[in-house]
Amino acid sequence: MNKNDSIELLIEDISADGSGVGKLDGMAFFVKDALTGDLVSAKITKLKKNYGYARLMEILQPSPHRVEPECALHRQCGGCQLQALSYDKQLEYKVRKVRGALERIGGFAPEEIVMEPVAGMTRGYRYRNKAQFPVGTDKNGCPAAGFYAARTHSIVPVDDCFLGVEQNREIMEKTLAWMRQYGIEPYDEKTGRGLVRHVLIRAGFRTGQLMVCIVINGNKLPQAEALIKQLEQIKGMQSISISINRQRNNVIMGDEVRTLWGTDYIEDFIRDMKFQISPLSFYQVNPAQTEVLYDTVLEYAGLNGDEVVWDLYCGIGTISLFLARKARQVYGVEIVPGAVEDARKNAQANQIRNAEFFMGDAEEVLPQFYEQEQPDNSQHPQVIVVDPPRKGCRESLLETIVRVRPERVVYVSCDPATLARDLKYLCGQGYELKRVKVVDVFCQTVHTESVVWIQRKHI
Ligand code: SAH
């Protein structure tokens with residue numbers, strides 16, 4: 001077997017990043033855009049010792065699980081790796097992915113892993129309340145928004161993304177027309193020149209409020225009044241701001257935000273609680289599934305009203321406030337200053353008086369609280385909820401958790417690999433795995449969200 005050889009493969013699985021996997025002569029081949037059940041012809045692009053990569057040339061026999069994708073650009077864009085796979089199979093894939101990580105990386109035996117039924121959506125499109133469109137130039141050099149074509153610095157224009165709200169289209173059309181009219185330069189990744197880098201759009205699904213934040217490589221937005229005049233006409237527009245990002249990196253938002261028009265935040269409801277959300281604050285992207293996710297967290301926390309609970313990586317305090325209604329005292333910890341501010345305001349707005357928020361690194365705040373303040377037994381935490389970014393928790397935090405001995409830990413995770421790693425640590429230190437639930441928050445994509453309950457063993 002050599003590079004550039006054409007091979008025929010029956011795709012038997014989908015990898016963690018969404019490539020089809022087929023076997024030939026004991027070698028596993030990864031083929032982008034191929035799905036379980038496809039018989040394909042593919043060309044070998046890279047060979048390693050016992051696996052390789054191949055480019056899809058032709059689908060000789062399509063998988064019975066193929067469906068018609070809604071978006072014509074889904075293959076080029078790469079954001080929706082699973083759009084051509086039936087939704088049932090997408091859900092199966094995600095459950096298998098989480099279970100697989102727990103077995104392989106976490107070292108759990110299959111019978112130790114109790115997976116609850118996966119929570120899917122009835123329609124896995126138009127579910128996102130947030131979009132971040134990169135702005136650059138299309139292949140003709142005109143300002144455009146969409147996604148970067150593979151291996152290039154040019155943008156493939158997208159006038160509508162089927163995961164997002166319909167208002168995105170009008171906001172982007174108006175913004176691009178304004179750029180063209182006033183000669184506002186898009187940012188150029190390659191040279192670091194130009195002004196407009198990204199457009200962040202957020203929509204409150206329940207309130208109908210819209211937020212637009214223009215991320216710029218500069219201090220000031222020229223002709224801002226003209227843009228505002230266009231955007232303020234859109235129904236629901238509530239907040240227009242700029243975020244200043246002059247760094248040459250691929251981080252989207254800059255640390256500084258200036259409101260140009262309207263309020264500094266938008267508001268939205270989760271169940272009966274109202275939340276304010278600022279541009280730099282994290283907010284769950286799929287409102288319908290957020291409710292399922294948070295219900296599961298509450299169920300796994302098993303509160304009776306008398307507990308001290310920590311919500312680490314709490315964002316704008318959403319989980320914290322739901323916990324607070326069922327506990328004696330909740331402490332939330334969050335590293336982004338604007339988000340902590342939102343969290344405190346949100347507690348007030350919902351008349352929650354037993355939630356306190358700390359700004360800082362969870363890995364520092366928790367040990368400091370339990371070491372320096374010498375709390376008495378009344379501060380002993382019964383439950384600790386963690387919802388870290390993809391990289392998971394640092395081991396020093398897990399050590400602290402083990403030391404303060406909560407009865408339960410509820411782990412919300414968007415990365416099964418780091419989840420499995422962290423659970424392996426905790427379950428090696430006196431905890432046991434009770435339940436795992438996958439909630440499909442990122443439909444059409446390979447990304448998974450899961451909630452896990454682990455319990456302290458009494459020996
Ligand atoms: N639980 C929240 C937010 C989860 S996202 C919700 O459901 O909305 C993860 C959050 O962790 C983000 O708000 C991020 O800013 C914050 N974060 C990242 N690293 C952190 C750290 N080391 N300490 C505390 N918070 C951190």
Side-chain angles (χ1 to χ4, degrees), residues 119 128-130 132 200 202 204-205 243 251-255 257 265-271 273-298 300-301 309-324 330-347 350 355-369 383-401 409-415 418-419 422 437 439 441-442 447-452:
R128 279 187 72 96
N129 58 14
K130 174 175 138 180
Q132 286 166 313
L200 163 80
R202 264 207 180 123
F205 275 30
S243 162
V251 176
I252 297 179
M253 304 297 289
D255 292 337
V257 172
Y265 52 82
I266 58 165
E267 292 172 320
D268 198 21
F269 284 89
I270 302 174
R271 297 233 185 267
M273 282 219 241
K274 186 157 126 183
F275 295 96
Q276 76 167 52
I277 311 144
S278 307
L280 296 182
S281 297
F282 176 90
Y283 185 58
Q284 293 285 343
V285 297
N286 184 330
Q289 294 295 80
T290 300
E291 296 190 348
V292 183
L293 190 72
Y294 288 3
D295 286 351
T296 310
V297 172
L298 283 179
Y300 287 178
V309 183
W310 284 78
D311 179 18
L312 304 178
Y313 312 89
C314 69
I316 62 170
T318 43
I319 294 178
S320 322
L321 299 190
F322 284 102
L323 292 166
V330 173
Y331 297 112
V333 186
E334 165 60 46
I335 207 161
V336 171
V340 180
E341 224 169 277
D342 286 344
R344 291 180 181 141
K345 296 262 176 61
N346 291 333
N350 294 290
E356 191 182 330
F357 294 95
F358 300 99
M359 189 185 86
D361 187 332
E363 284 127 27
E364 289 168 14
V365 173
L366 189 68
Q368 270 166 17
F369 185 91
V383 181
I384 296 183
V385 176
V386 297
D387 183 3
R390 278 192 207 164
K391 65 174 189 283
C393 299
R394 228 187 288 148
E395 198 167 299
S396 65
L397 175 66
L398 301 176
E399 274 169 27
T400 309
I401 292 177
V409 176
V410 180
Y411 197 131
V412 184
S413 164
C414 56
D415 186 313
T418 57
L419 169 72
D422 293 351
K437 187 170 182 81
V439 180
V441 166
F442 308 107
H447 299 291
T448 59
E449 184 81 16
S450 39
V451 191
V452 175

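The basis for the numbers below is simple: all heavy atoms, side chains too, and nothing from hydrogens, waters or symmetry mates. Atoms within each ligand, like the ligands themselves, are counted from 1 in listed order.
- Between E334 and ligand 1, at least one pair of N/O atoms sits closer than 3.5 Å.
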- Task: With side-chain hydrogen bond (donor to acceptor under 3.5 Å, both in side chains) as the test, would you mind laying out the steps for Y283 and N129 before giving the verdict?
- Result: CA-CA 9 Å; Y283 185 58; N129 58 14; 5.2 Å; no
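- Rounding to the nearest 0.5 Å gives a distance of 5.0 Å between OH of Y411 and OG1 of T418.
- By the 4.0 Å heavy-atom criterion, S281 is excluded from the residues contacting ligand 1.
- The two residues A119 and Q289 come nearest to each other via the heavy atoms O-NE2, 3.0 Å.
- Closest to atom 21 (C) of ligand 1 among all protein heavy atoms lies Y313 CE2, 3.7 Å.
- Across all non-hydrogen atoms, the minimal contact from R202 to S281 is NH2-O, 2.6 Å.
- For the atom pair F282 CZ and K130 NZ, the distance stands at 7.0 Å (nearest 0.5 Å).
- Of all atoms in ligand 1, listed by their number and element, those nearer than 4.0 Å to a heavy atom of T318 are 6 (C), 7 (O), 8 (O).
- The distance from the CD atom of E363 to the CG atom of L398 is 8.5 Å, given to the nearest 0.5 Å.
- Taking atom 25 (N) of ligand 1 as the reference point, the nearest protein heavy-atom neighbour is I335 N, 3.3 Å.
- For A339, the closest heavy-atom approach to ligand 1 does not fall below 4.0 Å.
- Remark: F275 CZ to Q284 CD distance equals 11.0 Å, nearest 0.5 Å.
- Backbone and side-chain nitrogen or oxygen atoms of Y294 are examined, and one is located within less than 3.5 angstrom of a nitrogen or oxygen of ligand 1.
- For atom 23 (N) of ligand 1, the closest non-hydrogen atom on the protein side is A362 N, 2.9 Å.
- Residue contact check: V336 has heavy atoms under 4.0 Å from atoms 15 (O) of ligand 1.
- Of the N or O atoms in P389, none lie within a sub-3.5 Å distance of an N or O in ligand 1.
- For the residue pair L419 and S450, the shortest heavy atom distance occurs at CD2-OG, 3.8 Å.
- Looking at K391 next to ligand 1, no N or O pair under 3.5 Å apart turns up.
- Contact atoms of ligand 1 toward G360: 23 (N), 24 (C) (distance under 4.0 Å to a heavy atom of the residue).
- Rounding to the nearest 0.5 Å places CD1 of I277 at 5.0 Å from CG of D268.
- R271 is not listed as a side-chain neighbour of Y294, based on a closest heavy-atom distance of 4.5 Å or more.
- Closest protein heavy atom to atom 1 (N) of ligand 1: D387 OD2, 2.8 Å.
- Looking at ligand 1, you'll find an N or O of D361 within less than 3.5 Å of one of its N or O atoms.
- The contact set between ligand 1 and I319, taken as ligand atoms under 4.0 Å from a residue heavy atom, comprises 1 (N), 7 (O).
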